[in-house]
Visitor: 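Below is a structure I'd like to ask you about.
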Amino acid sequence: QVQLLESGGGLVQPGGSLRLSCTASGSIFSINAMGWARQGPGKERELVAGIMRSGETNYVDSVKGRFTISRDNAKNTVYLQMDRLKADDTAVYYCNVKLTRRGWLSERDYWGQGTQVTVSS
């Protein structure tokens, strides 16, 4: 049993900021990669940002310079700081964690339930 709890979504005006967080809990041995994906109206789900154990990060071009991903390993938490938000950022944001459960050898993906981010005036 592994659970991902997301928070931080909501309504914000264009140019505003929002900070998403996602905490993994349960029988976890180790966490490799953590990231965020989103799906806007009529669009395919896309990876927004990811962060490796090494600290290496990557972002989709449309959010570079505006979004910052970080993680707190002690808390099993990943964050997404979103600044200068645009209407096109409106989407359901999903937390993604690649982890290994205690007693298991294999790694698999886990997904959060999603949190709505709406950018509108």
Visitor: Rounded to the nearest 0.5 Å, how far does CG of L4 lie from OG of S25?
Guide: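 One finds 7.5 Å between OG of S25 and CG of L4.
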
Visitor: For the atom pair OG (S106) and CZ (R101), what is the distance rounded to the nearest 0.5 Å?
Guide: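 S106 atom OG to R101 atom CZ measures 9.0 Å (nearest 0.5 Å).
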
Visitor: Does the distance from a Lys or Arg side-chain N to an Asp or Glu carboxylate O, for D61 and K64, drop under 4.0 Å?
Guide: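 Looking at K64 together with D61, the answer is yes, because their closest N to O distance falls below 4.0 Å.
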
Visitor: Distance check, rounded to the nearest 0.5 Å: W36 atom CH2 versus I51 atom CD1?
Guide: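 Reported value, rounded in 0.5 Å steps: 12.5 Å.
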
Visitor: When clusters are formed by joining ILVMFWY residues with side-chain heavy atoms under 4.5 Å apart, either directly or through shared neighbours, do V78 and V2 land in the same one?
Guide: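 Same cluster.
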
Visitor: What do the steps show when you test M34 against M52 for side-chain contact (heavy atoms from CB on, under 4.5 Å), and what is the final call?
Guide: CA-CA 7 Å; M34 309 181 80; M52 308 295 106; over 6 Å; no

Visitor: Let me see the working for T118 and T90 under side chain to side chain donor-acceptor pair (under 3.5 Å), right down to the final yes or no.
Guide: CA-CA 5 Å; T118 302; T90 295; 5.4 Å; no

Visitor: Tell me whether R38 forms a cation-pi arrangement with Y94, defined as NZ or CZ under 6.0 Å from the six-membered ring centre and within 45 degrees of its axis.
Guide: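 Cation-pi check for R38 and Y94: fails.
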
Visitor: So which heavy atom on M82 is nearest to which on Y93, and how close?
Guide: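 Heavy atoms of M82 and Y93 come nearest at SD-CE2, 3.9 Å.
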
Visitor: Please test T100 against N32 for side-chain contact (heavy atoms from CB on, under 4.5 Å), starting from the C-alpha separation and ending with a verdict.
Guide: CA-CA 8 Å; T100 301; N32 188 9; over 6 Å; no

Visitor: Considering all heavy atoms of both residues, which atom of L20 and which atom of G9 are nearest to each other, and what is their separation?
Guide: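 The answer is CD2-N, 3.6 Å.
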
Visitor: When you compare the side chain of D89 with that of R66, does any pair of heavy atoms fall below 4.5 Å?
Guide: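 Yes, close enough: below the 4.5 Å cut-off.
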
Visitor: Could you report the tightest heavy-atom contact between A24 and I31, atom names first, then the distance?
Guide: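 Reported closest heavy-atom pair: CB-CD1, 4.3 Å.
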
Visitor: Please give me the minimum heavy-atom distance between S121 and P14, naming the atom from each residue.
Guide: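 Between these two residues, the closest heavy atoms are N-CD, 3.8 Å.
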
Visitor: Identify whether V92 and Y110 are in the same connected component of the hydrophobic contact network (ILVMFWY, side-chain heavy atoms under 4.5 Å).
Guide: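 Each belongs to a different hydrophobic cluster.
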
Visitor: Could you tell me which non-hydrogen atom of S7 sits nearest to which non-hydrogen atom of S21, and how far apart they are?
Guide: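 Closest approach of S7 to S21, heavy atoms only: OG-OG, 2.8 Å.
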
Visitor: Between T68 and Y79, is the side-chain contact (heavy atoms from CB on, under 4.5 Å) condition met? List the steps.
Guide: CA-CA 8 Å; T68 303; Y79 306 92; over 6 Å; no

Visitor: Quick one, W104 with L99, criterion side-chain contact (heavy atoms from CB on, under 4.5 Å). Give me CA distance, side-chain angles, the key distance, then yes/no.
Guide: CA-CA 10 Å; W104 291 41; L99 60 83; over 6 Å; no

Visitor: Per the salt bridge (Lys or Arg N to Asp or Glu O under 4.0 Å) rule, what does the pair list look like for residues 67-83, sequence neighbours excluded?
Guide: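 Pairs touching residues 67-83 that pass the test: none.
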
Visitor: Can you measure from CG (L85) to OG (S17) and round to the nearest 0.5 angstrom?
Guide: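 Rounded to the nearest 0.5 Å, the CG-OG separation comes to 6.5 Å.
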
Visitor: Measuring from atom OG of S30 to atom NZ of K98, what distance do you get when rounded to the nearest 0.5 angstrom?
Guide: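 Result: 13.5 Å between the selected atoms.
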
Visitor: Mind checking the CG-OG spacing from L80 to S70? Nearest 0.5 Å is all I need.
Guide: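 Answer rounded to 0.5 Å: 8.5 Å.
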
Visitor: Has R53 got more than 12 heavy atoms of other residues, nucleotides or ligands less than 6.0 Å from its CZ?
Guide: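 For R53, atom CZ is not crowded (no more than 12 foreign heavy atoms under 6.0 Å).
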
Visitor: Any sub-3.5 Å donor-acceptor pair from E6's side-chain atoms to G114's backbone N or O?
Guide: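 Yes: the side chain of E6 pairs with the backbone of G114.
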
Visitor: If you take all heavy atoms of G65 and R84, which pair is closest and at what distance?
Guide: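 Closest pair (atom of G65, atom of R84, distance): O-NH1, 3.0 Å.
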
Visitor: Are more than 12 heavy atoms, taken from residues, nucleotides or ligands other than Q116, located less than 6.0 Å from that residue's CD atom?
Guide: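 Enclosed.
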
Visitor: If you draw a 6.0 Å radius around CD in E46, do more than 12 non-hydrogen atoms from other residues or ligands fall strictly inside?
Guide: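 Yes, the 6.0 Å shell around CD holds more than 12 heavy atoms from other groups.
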
Visitor: Between T77 and T23, do the side chains contain an N or O donor and an N or O acceptor separated by less than 3.5 Å?
Guide: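 Yes, because at least one side-chain N or O of T77 sits under 3.5 Å from a partner of the opposite role on T23.
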
